Amino acid sequence: SYEYVPVDLFVLAGNNVQRLPAEFSEKNPLDQVPVLEIINTNTDGSESVTQLTQSLPIIEYLDEMYPGAARLLPSDPLQRARCRQISEIVNSGIQPLQNLSVL
């Protein structure tokens, strides 16, 4: 199960991190979205939480954890690599120009 927590990206325009809830910095010190919180059940029955950030690792994690669901990435290794190639163009080629935190 999961809890959907909406974030108004319009409010975050220009990396206006002051408007993020204060507790968000505990989840991601970079004050960026998205963040996926994973509830782990330990061997002693207690629970711990792991935060996973950045879109591509989250997509790959979900794709690998739920293989019976609709695939987020192609199953063919070459098509999967091509998908990662295109994603990296956005990550390192396009997105930094729109992300004021790197300027």
Side-chain angles (χ1 to χ4, degrees):
S1 73
Y2 67 94
E3 177 187 0
Y4 176 75
V5 180
V7 175
D8 186 349
L9 295 179
F10 184 73
V11 171
L12 299 178
N15 290 333
N16 189 359
V17 297
Q18 292 81 15
R19 292 196 176 170
L20 285 171
E23 65 272 7
F24 189 81
S25 292
E26 297 172 14
K27 300 174 190 301
N28 185 355
L30 294 175
D31 288 317
Q32 297 175 338
V33 293
V35 174
L36 176 65
E37 288 191 316
I38 303 160
I39 310 290
N40 306 299
T41 302
N42 302 317
T43 55
D44 65 359
S46 65
E47 291 184 343
S48 60
V49 178
T50 302
Q51 285 88 14
L52 188 58
T53 64
Q54 304 300 325
S55 297
L56 293 179
I58 291 171
I59 288 170
E60 289 190 20
Y61 172 81
L62 293 173
D63 201 45
E64 292 168 8
M65 284 299 297
Y66 304 100
R71 297 302 306 246
L72 300 172
L73 296 171
S75 57
D76 177 73
L78 184 57
Q79 290 178 351
R80 196 172 180 96
R82 180 75 170 139
C83 182
R84 288 185 177 121
Q85 176 186 359
I86 293 167
S87 299
E88 283 303 313
I89 290 169
V90 173
N91 272 348
S92 56
I94 297 170
Q95 187 176 5
L97 300 175
Q98 301 169 358
N99 188 349
L100 297 179
S101 68
V102 300
L103 298 177

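Residues take their numbers from the sequence shown, with the count starting at 1. Note that the structure is predicted; figures quoted are calculated from it, not measured.
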* Asked: Quick one: do Val90 and Ile59 end up in the same hydrophobic cluster if we chain Ile, Leu, Val, Met, Phe, Trp and Tyr together by side-chain heavy atoms under 4.5 Å apart?
  -> no
* Scan Arg84, Arg80, Arg71 and name whichever one has a salt bridge (Lys or Arg N to Asp or Glu O under 4.0 Å) with Glu60. => Arg84
* Asked: Under 4.5 Å between side-chain heavy atoms, hopping through other hydrophobics if needed: is there a path connecting Leu36 to Met65?
  -> yes
* Asked: Out of curiosity, Glu88 CD to Cys83 SG, how far, rounded to the nearest 0.5 Å?
  -> 10.5 Å
* Asked: If we ignore angles and hydrogens, is there a donor and acceptor under 3.5 Å between the side chains of Arg82 and Gln85?
  -> yes
* Asked: Out of curiosity, does Leu56 fall in the hydrophobic cluster containing Ile58 (side-chain heavy atoms, cut-off under 4.5 Å, transitive links)?
  -> no
* Please name the pair of heavy atoms, one in Gln51 and one in Glu37, separated by the smallest distance, quoted to 0.1 Å. => NE2-OE2, 3.2 Å
* Say whether Ile38 and Val35 are linked into one hydrophobic cluster, either directly or through other cluster members, by side-chain heavy-atom distances under 4.5 angstrom. => no
* Nearest-0.5 Å distance that lies between atom CG in Asn40 and atom OG in Ser46 -> 10.0 Å
